[in-house]
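Letters A, B, ... are given to chains in the order of the sequence lines, protein chains preceding strands, and every chain is numbered from 1. Fair warning: this is a prediction, and the values are worked out from it, not measured in the lab.
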2 protein chains.
Amino acid sequence: MKNKTDRLRAIKEMVIQQSIGNQDELLLLLKEKGYHLTQATLSRDLKQLKITKIPNDVGEYRYALPHSLYASGKPSETKIIGNNSLEFSGQLAVLKTRSGYAGGIAAEIDERASSAILGTIAGDDTILIIPREGFNREEITSILSDVIEKI
Amino acid sequence: MKNKTDRLRAIKEMVIQQSIGNQDELLLLLKEKGYHLTQATLSRDLKQLKITKIPNDVGEYRYALPHSLYASGKPSETKIIGNNSLEFSGQLAVLKTRSGYAGGIAAEIDERASSAILGTIAGDDTILIIPREGFNREEITSILSDVIEKI
DNA sequence: AAGAATTTAGAATATTTATTCAGATAATAT
DNA sequence: ATATTATCTGAATAAATATTCTAAATTCTT
């Protein structure tokens with residue numbers, strides 16, 4: 001809780017969770033959490049994290065992560081899990097299965113990964129997976145791998 | 001070339017095409033194009049367009065559209081493709097078909113547009129289309145048109 | 001371990017951006 | 001047509017943010 005890495009993580013978290021309109025505001029929140037820094041440093045941190053103030057719909061400015069960074073960073077690789085392939089698009093994941101298997105696998109996921117997975121919708125060979133907020137792609141991938149490998 | 005609407009369009013275009021580091025820079029470019037305005041107005045314009053300065057990888061700041069606005073710009077028009085209608089919402093597209101046709105068309109899309117389409121899920125007359133990352137709405141629309149017209 | 005080089009950060013400040021205030025212009029209603 | 005209200009804009013200024021300059025702390029090299 002005292003090094004730069006921790007601080008950056010804390011900043012990112014706060015920006016995602018709270019509604020922050022300027023750096024001084026964020027500075028205060030960080031102070032409450034025990035991070036002691038100046039506006040100059042915060043400005044540099046935000047630059048490094050690529051966080052910026054963006055206008056919202058109500059005519060205010062709010063700090064936010066650039067959209068693309070919410071999910072992961074890279075352009076989403078396809079991951080093979082057994083006979084299936086997993087790929088992400090935005091907040092969603094799609095698992096392609098062998099024909100006819102989607103329903104069964106989706107049921108397994110629903111049952112065994114509900115902490116991370118909000119819900120699934122299965123077609124014949126495709127499962128749409130809606131992750132819960134707060135889980136990143138790596139986590140989701142790992143959890144789904146576990147579930148599928150145990151089937 | 002003299003009203004606000006035109007100016008906003010010009011600003012948006014410049015931000016997409018050029019590399020702009022601050023408002024004065026943009027102001028100059030606009031002046032060259034015949035738009036005469038002050039920094040105050042530009043600031044307001046940018047707010048309205050939700051354009052902001054975001055840090056790039058090289059340690060500079062560049063003006064950019066919020067990611068979500070790149071996709072199209074307008075609130076997503078419904079596009080008619082044969083007997084079907086296509087509309088976007090966020091990263092997703094929905095294709096409405098005649099009753100009973102969704103499954104068949106979805107299968108065609110899966111087969112013939114998989115480079116751009118991560119997956120589809122079909123009901124009776126509705127197909128949920130999950131595009132791959134990196135494809136914009138126009139590209140998706142065009143690819144889907146091709147596929148459907150060849151059925 | 002000592003020195004060189006890099007990273008980190010604060011204070012002060014420069015730069016940039018947003019807003020206030022006032023006046024103009026356009027739109028709507030009476 | 002005139003009053004009323006809303007929209008738009010510039011000048012000046014306030015507010016917010018980035019950077020310069022300096023020094024301390026850390027990491028790397030030999």
Side-chain angles (χ1 to χ4, degrees), chain A residues 1-67 69, chain B residues 1-69 73-75:
Chain A
M1 266 277 193
K2 242 1 322 197
N3 59 55
K4 188 179 173 185
T5 313
D6 283 335
R7 191 182 66 221
L8 291 181
R9 195 183 355 256
I11 290 172
K12 192 169 169 183
E13 198 179 304
M14 298 209 124
V15 166
I16 293 174
Q17 292 177 355
Q18 318 244 4
S19 175
I20 295 162
N22 63 45
Q23 294 183 7
D24 282 344
E25 243 173 273
L26 180 48
L27 221 46
L28 265 170
L29 290 172
L30 287 166
K31 193 160 284 177
E32 286 173 13
K33 284 264 184 186
Y35 294 98
H36 203 275
L37 67 162
T38 61
Q39 180 269 325
T41 299
L42 181 53
S43 172
R44 289 186 274 244
D45 286 353
L46 292 172
K47 183 179 188 175
Q48 191 175 340
L49 290 167
K50 302 199 181 175
I51 289 172
T52 46
K53 226 169 50 169
I54 62 179
N56 66 12
D57 298 316
V58 203
E60 302 162 325
Y61 294 85
R62 288 290 174 256
Y63 273 83
L65 289 178
H67 187 281
L69 296 186
Chain B
M1 266 276 195
K2 263 275 85 144
N3 60 54
K4 187 179 172 183
T5 312
D6 283 334
R7 192 182 65 221
L8 290 181
R9 197 183 356 256
I11 290 172
K12 193 170 170 182
E13 198 179 305
M14 298 211 125
V15 166
I16 291 174
Q17 292 175 355
Q18 319 244 4
S19 175
I20 296 161
N22 62 44
Q23 294 183 6
D24 282 344
E25 243 173 274
L26 180 49
L27 221 48
L28 265 169
L29 290 171
L30 287 166
K31 194 161 283 176
E32 285 172 15
K33 285 264 182 185
Y35 294 97
H36 203 277
L37 67 162
T38 60
Q39 180 268 324
T41 300
L42 180 54
S43 172
R44 289 186 273 245
D45 286 354
L46 291 172
K47 183 178 189 175
Q48 191 175 340
L49 290 167
K50 302 200 183 177
I51 290 172
T52 46
K53 226 170 51 170
I54 61 182
N56 66 13
D57 298 316
V58 203
E60 301 163 324
Y61 293 85
R62 288 289 174 255
Y63 274 83
L65 290 178
H67 188 279
S68 57
L69 297 184
K74 315 116 208 170

Tell me the interatomic distance from [X], atom [atom1], to [N], atom [atom2], rounded to whole angstroms.
| X | N | atom1 | atom2 | result |
| --- | --- | --- | --- | --- |
| A/K4 | C/dT8 | NZ | C1' | 7 Å |
| B/L42 | C/dT19 | CG | C1' | 15 Å |
| B/K31 | D/dG10 | NZ | P | 10 Å |
| A/R62 | C/dA18 | CZ | P | 14 Å |
| B/Q23 | C/dT15 | CD | P | 16 Å |
| A/E60 | D/dA16 | CD | C1' | 16 Å |
| B/R44 | C/dT20 | CZ | C1' | 9 Å |
| A/L49 | D/dT17 | CG | P | 15 Å |

TODO: Between B/D45 and A/D24, name the one whose nearest nucleotide on DNA chain D is closer to the 5' end.
DONE: B/D45
Task: Residue mapping more 5' on DNA chain D - nearest nucleotide basis, B/Q48 or A/T41 - done: B/Q48
Quick check on [N]: is either OP1 or OP2 less than 4.0 Å from any side-chain nitrogen or oxygen of [X]?
| X | N | answer |
| --- | --- | --- |
| B/Q39 | D/dA11 | no |
| B/K47 | C/dA18 | no |
| A/S43 | D/dT17 | no |

Task: Exam field: side chain B/K47 to backbone A/G59, donor-acceptor pair closer than 3.5 Å - done: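 Checking the backbone N and O of A/G59 against the side chain of B/K47, a donor-acceptor pair under 3.5 Å is found.
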